[in-house]
**Student:** 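A single structure is presented below for examination.
Predicted, not measured: the structure shown is a model, and the values here were computed from it. The basis for the numbers below is simple: all heavy atoms, side chains too, and nothing from hydrogens, waters or symmetry mates.
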Amino acid sequence: GKGAYPHYMLKEIDEQPAVMRRLLDEYLDADGQLNISPELLQAMNAADRLYIVAAGTSYHAGLIGKTLFESLVQKPVEVHVASEFGYHMPLLSEKPFFIFLTQSGETADSRQVLVQTNALHYPSLTITNSQGSTLSREADYTLLLHAGPEIAVASTKAYTAQIAVELFLAVALGRHNQLVLAEQFDVHHELGLVATGMEALLSEKEQIETLTTDYLQTTRNAFYIGRGEDYALSLEAALKLKEISYIQAEGFAAGELKHGTIALIEAGTPVIAFLVDEKTIAHTRGNLQEVTARGAQALTIVSERFAQEGDQVILPSVNPLLTPLLGVIPGQLIAYYASLHRGYDVDQPRNLAKSVTVE
Ligand code: F6R
């Protein structure tokens, strides 16, 4: 049940620090070694390219996974929307390895791809919250999210759990190949900092609620912008916002706005920027100036060490690879409060089912 919580979504948002710690218990031995099967690591190691296939929020977690695998394993990764891949299979590398990300393990679009890759005898892993689910049974390997039941239709803790499991896998595979970055990555310490940082953010919900009132109370549309990982984060924050508040929200690559979409900016249009990815912060701030010059109301979500006077939401500093785990929290909370304030059914948005079992 949801206990003292008014909604499952809020409960599940709040559970995220505990899920991070539970995952550390599940995946780390007493001596700090990651317990991921050597057969799985060998199968992935034999591949020349990883293909991540997923839908919706799980696809967005896959976009973050690409950065983790490419940084820690130095192996190329492609991330695909399942419903596209199924009918327009890209030209594959010689030795592909498939990773299916699916909270439910039952998403028909993703399963349809797995049926095809199985027919081609390609090795596969399903990362899922549901042991014994269809995609878990039909893939060669399974890693569990251990996030506990996710009841709210809008996915929250499954997203952060998926990123954490991708991290474990990337670090284990990198260590398997004696890559320095992976060998030096102290998973326990870094993810522990993330859990603490999440708690700090979650203890200041009132601030996010007030910002949501100030920026989103009456608007019909909104933009999230960012570059790199902040772009991936923008896609997820925008999906959360639109699916439960029905505000038309777009996640946009900050530098791409000026190539046409900036025409939509009017006086008062909320533009929320993620300023987390060090390499691109200065450029995204420049894009914010372009939209505020056209009347947009800018709201910033920024890592502590890059914060400036006037920034609104400050994220505690963590390992740069793990910043999306913190950045998503204000995005989830903004969506929650926007839906709540408009009087909608937060947990059961219109037109949506928790698990999409048709193609
Ligand atoms: C969004 C959401 C959906 C799911 C998508 C995939 O909040 O919940 O976008 O992420 O339908 O579902 P799974 O992960 O079960 O395959």
**Student:** To the nearest 0.5 Å, how far apart are CD1 in Ile244 and OH in Tyr344?
**Tutor:**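 Nearest 0.5 Å value for the CD1-OH distance: 11.5 Å.
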**Student:** Hey, mind stepping through Leu216 and Tyr337 against side-chain contact (heavy atoms from CB on, under 4.5 Å) and telling me if it holds?
**Tutor:** CA-CA 9 Å; Leu216 297 167; Tyr337 289 117; over 6 Å; no
**Student:** Above 12 or not: heavy atoms from other molecules or residues under 6.0 Å from NE2 of His88?
**Tutor:**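 Incorrect, the count does not exceed 12.
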**Student:** What closest approach, in Å, do Asn35 and Glu26 show between heavy atoms, and which atom pair accounts for it?
**Tutor:**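 Smallest interatomic distance, heavy atoms only, reads OD1-O, 3.3 Å.
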**Student:** Checking the side chain of Glu256 only, and the main-chain atoms of Thr261 only, is there a donor and an acceptor separated by less than 3.5 Å?
**Tutor:**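 Such a contact is absent between Glu256 side chain and Thr261 backbone.
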**Student:** May I ask you to test the Ile329-Leu202 pair for a side-chain heavy-atom distance under 4.5 Å?
**Tutor:** yes
**Student:** How far does CG of Leu201 sit from CE of Met198, to the nearest 0.5 angstrom?
**Tutor:**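 Between Leu201 CG and Met198 CE, I get 9.0 Å after rounding to 0.5 Å.
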**Student:** Once the angle between the rings of Phe98 and Tyr51 is folded into 0 to 90°, is it parallel (under 30°), tilted (30 to 60°) or perpendicular (over 60°)?
**Tutor:** parallel
**Student:** Hydrophobic clustering (ILVMFWY, side-chain heavy atoms < 4.5 Å, transitive) - are Leu34 and Leu125 grouped together?
**Tutor:** yes
**Student:** Is there a side-chain contact between Asn118 and Val115 in this structure, where contact means two heavy atoms from C-beta onward sitting under 4.5 Å apart?
**Tutor:** no
**Student:** Could you go step by step and tell me if Phe168 and Leu24 meet the side-chain contact (heavy atoms from CB on, under 4.5 Å) rule?
**Tutor:** CA-CA 9 Å; Phe168 297 150; Leu24 283 171; 4.1 Å; yes
**Student:** Using only atom types and a distance under 3.5 Å, with no angle test, would you say the side chain of Asp48 pairs donor to acceptor with the backbone of Lys95?
**Tutor:** yes
**Student:** Could you verify whether a donor N or O on one side chain and an acceptor N or O on the other, from Ser130 and Gln103, lie under 3.5 Å apart?
**Tutor:**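 On atom types as modelled, these side chains do not qualify, holding no pair under 3.5 Å.
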**Student:** Rounded to the nearest 0.5 Å, what separates atom CG in Asp230 from atom CD1 in Ile225?
**Tutor:** 10.0 Å
**Student:** For Leu144 and Asn129, run side-chain contact (heavy atoms from CB on, under 4.5 Å): C-alpha distance rounded to whole Å, both residues' side-chain angles, the deciding distance at 0.1 Å, then the answer.
**Tutor:** CA-CA 5 Å; Leu144 291 174; Asn129 206 21; over 6 Å; no
**Student:** Are Glu190 and Val318 side-chain neighbours, meaning at least one heavy-atom pair lies under 4.5 Å?
**Tutor:**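 The answer is no; the side chains never approach within 4.5 Å.
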**Student:** Counting only heavy atoms not in Gln116, do more than 12 sit closer than 6.0 Å to its CD atom?
**Tutor:** yes
**Student:** Please answer: with hydrophobic residues joined when any side-chain heavy atoms are less than 4.5 Å apart, are Met44 and Val187 in the same cluster?
**Tutor:** yes
**Student:** Mind checking the OG-OH spacing from Ser245 to Tyr336? Nearest 0.5 Å is all I need.
**Tutor:** 13.5 Å
**Student:** Is there a path of hydrophobic side-chain contacts, each under 4.5 Å between heavy atoms, that joins Ile36 and Phe69?
**Tutor:**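 Yes, Ile36 and Phe69 fall within the same hydrophobic cluster.
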**Student:** Are Lys157 and Glu150 ion-paired here, with the side-chain N under 4.0 Å from a carboxylate O?
**Tutor:** no
**Student:** Take atom CD in Gln131; do more than 12 heavy atoms of anything else shown fall under 6.0 Å from it?
**Tutor:** no
**Student:** Same hydrophobic cluster for Leu101 and Tyr27, using side-chain heavy-atom links shorter than 4.5 Å among ILVMFWY?
**Tutor:**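 Linked, Leu101 and Tyr27 end up in one cluster.
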**Student:** Please write out which residues are connected to Tyr8 in a hydrophobic cluster, directly or through intermediates, given that two of Ile, Leu, Val, Met, Phe, Trp, Tyr count as joined at side-chain heavy-atom separations below 4.5 angstrom.
**Tutor:**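 Members besides Tyr8, by chain and number: Ile151.
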**Student:** Tell me the closest heavy-atom pair linking Leu145 and Leu23, and the distance in Å.
**Tutor:** O-CD2, 3.2 Å
**Student:** Are side-chain heavy atoms of Val73 and Leu68 found at a separation under 4.5 Å?
**Tutor:** no
**Student:** As an exercise, state the distance from CG of Leu50 to NZ of Lys75, rounded to the nearest 0.5 Å.
**Tutor:**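 Spacing of CG (Leu50) from NZ (Lys75) equals 6.0 Å.
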**Student:** Taking all heavy atoms of Val346 and all of Ser339, pick out the closest pair and write down the distance.
**Tutor:** CG2-OG, 3.5 Å
**Student:** Looking only at heavy atoms, what is the nearest atom pair of Leu325 and Thr160, with distance?
**Tutor:** CD2-O, 3.5 Å
**Student:** Does Gln248 reach the main-chain N or O of Arg220 with its side chain, forming a donor-acceptor pair under 3.5 Å?
**Tutor:** no
**Student:** Would you check if the side chain of Thr107 reaches a backbone N or O of Val356 as a donor-acceptor pair within less than 3.5 Å?
**Tutor:**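 Checking the backbone N and O of Val356 against the side chain of Thr107, no donor-acceptor pair under 3.5 Å is found.
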**Student:** If only atom types and distance count, is the side chain of Arg294 paired as donor or acceptor with the main-chain N or O of Leu264 below 3.5 Å?
**Tutor:**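 Absent.
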**Student:** Take atom CD in Glu359; do more than 12 heavy atoms of anything else shown fall under 6.0 Å from it?
**Tutor:** yes
**Student:** For Ala232 and Ile64, which heavy atoms make the closest approach, and how far apart are they?
**Tutor:**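 Smallest interatomic distance, heavy atoms only, reads CB-CD1, 3.7 Å.
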**Student:** Do Arg342 and Ile247 touch side chain to side chain, with heavy atoms closer than 4.5 Å?
**Tutor:**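 Counting from C-beta outward, Arg342 and Ile247 do come under 4.5 Å.
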**Student:** I'd like to check the side chain to side chain donor-acceptor pair (under 3.5 Å) partners of Asn287; sequence neighbours left out, ordered by chain and number.
**Tutor:**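 Expected list: Arg227, Glu290.
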**Student:** Please confirm whether Arg350 makes a cation-pi placement over Tyr246, using NZ or CZ under 6.0 Å from the six-membered ring centre and within 45° of the ring normal.
**Tutor:**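 Yes.
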**Student:** Distance-only, no hydrogens or angles: does the Arg49 side chain make a donor-acceptor pair with backbone N or O of Pro96 under 3.5 Å?
**Tutor:** no
**Student:** Going by side chain to side chain donor-acceptor pair (under 3.5 Å), name the residues that satisfy it together with Thr67, two or more places apart in sequence or in a different chain.
**Tutor:**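 Per chain and number, Thr67 pairs via side chain to side chain donor-acceptor pair (under 3.5 Å) with Glu229.
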**Student:** At their closest point, which heavy atom of Glu78 faces which heavy atom of Pro90, and how far apart are they?
**Tutor:** OE1-CG, 4.4 Å
**Student:** Would Glu106 and Ser355 count as having a side-chain donor-acceptor pair, cut-off 3.5 Å?
**Tutor:** no
**Student:** Please determine if Glu209 and Lys205 form a salt bridge, counting it only when a charged side-chain N lies under 4.0 Å from a carboxylate O.
**Tutor:** no
**Student:** Under a 3.5 Å distance rule, please check whether Arg22 uses its side chain to pair with a backbone N or O of His146 as donor and acceptor.
**Tutor:**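 Yes.
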**Student:** Please evaluate residues Glu183 and Gln178 with respect to the criterion side-chain contact (heavy atoms from CB on, under 4.5 Å), reporting the C-alpha separation (whole Å), side-chain torsions for both, the decisive distance (0.1 Å), and the verdict.
**Tutor:** CA-CA 7 Å; Glu183 281 179 337; Gln178 281 146 15; 3.4 Å; yes
**Student:** What about Ile301 and Leu257, same hydrophobic cluster or not, with Ile/Leu/Val/Met/Phe/Trp/Tyr joined at side-chain heavy-atom distances under 4.5 Å?
**Tutor:**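 No, Ile301 and Leu257 fall in different hydrophobic clusters.
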**Student:** Considering only heavy atoms from C-beta outward, does the side chain of Leu63 approach that of Tyr59 to under 4.5 Å?
**Tutor:**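 Leu63 reaches Tyr59 side chain to side chain.
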**Student:** Considering only heavy atoms from C-beta outward, does the side chain of Thr219 approach that of Thr269 to under 4.5 Å?
**Tutor:** no
**Student:** Consider ring-ring contact (aromatic ring centres under 6.0 Å, His included). Of Tyr231, Phe274, Tyr215, which one does Tyr224 pass it with?
**Tutor:**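 Testing each of Tyr231, Phe274, Tyr215 against Tyr224, the sole residue satisfying ring-ring contact (aromatic ring centres under 6.0 Å, His included) is Phe274.
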**Student:** Looking at Arg285 and Asp311, is there a salt bridge between them, counting it only when a charged N and a carboxylate O are closer than 4.0 Å?
**Tutor:** yes
**Student:** Within the 4.5 Å heavy-atom criterion, are Val313 and Ile208 side-chain neighbours or not?
**Tutor:**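 The answer is yes; the side chains approach within 4.5 Å.
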**Student:** How long is the straight-line distance from CD of Gln332 back to CD of Gln16, given to the nearest 0.5 Å?
**Tutor:** 4.0 Å
**Student:** Would you find a donor on one side and an acceptor on the other, under 3.5 Å apart, between the side chain of Thr128 and the backbone of Thr102?
**Tutor:** yes
**Student:** Around atom NZ of Lys258, are there more than 12 heavy atoms from other residues, nucleotides or ligands closer than 6.0 Å?
**Tutor:**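 Yes, the 6.0 Å shell around NZ holds more than 12 heavy atoms from other groups.
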**Student:** If only atom types and distance count, is the side chain of Asp140 paired as donor or acceptor with the main-chain N or O of Ser124 below 3.5 Å?
**Tutor:**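 Side chain of Asp140 to backbone of Ser124: a pair is present.
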**Student:** Could you check whether any side-chain N or O of Thr126 sits under 3.5 Å from a backbone N or O of Leu135, counting only pairs where one atom can act as donor and the other as acceptor?
**Tutor:**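 Answer holds: yes.
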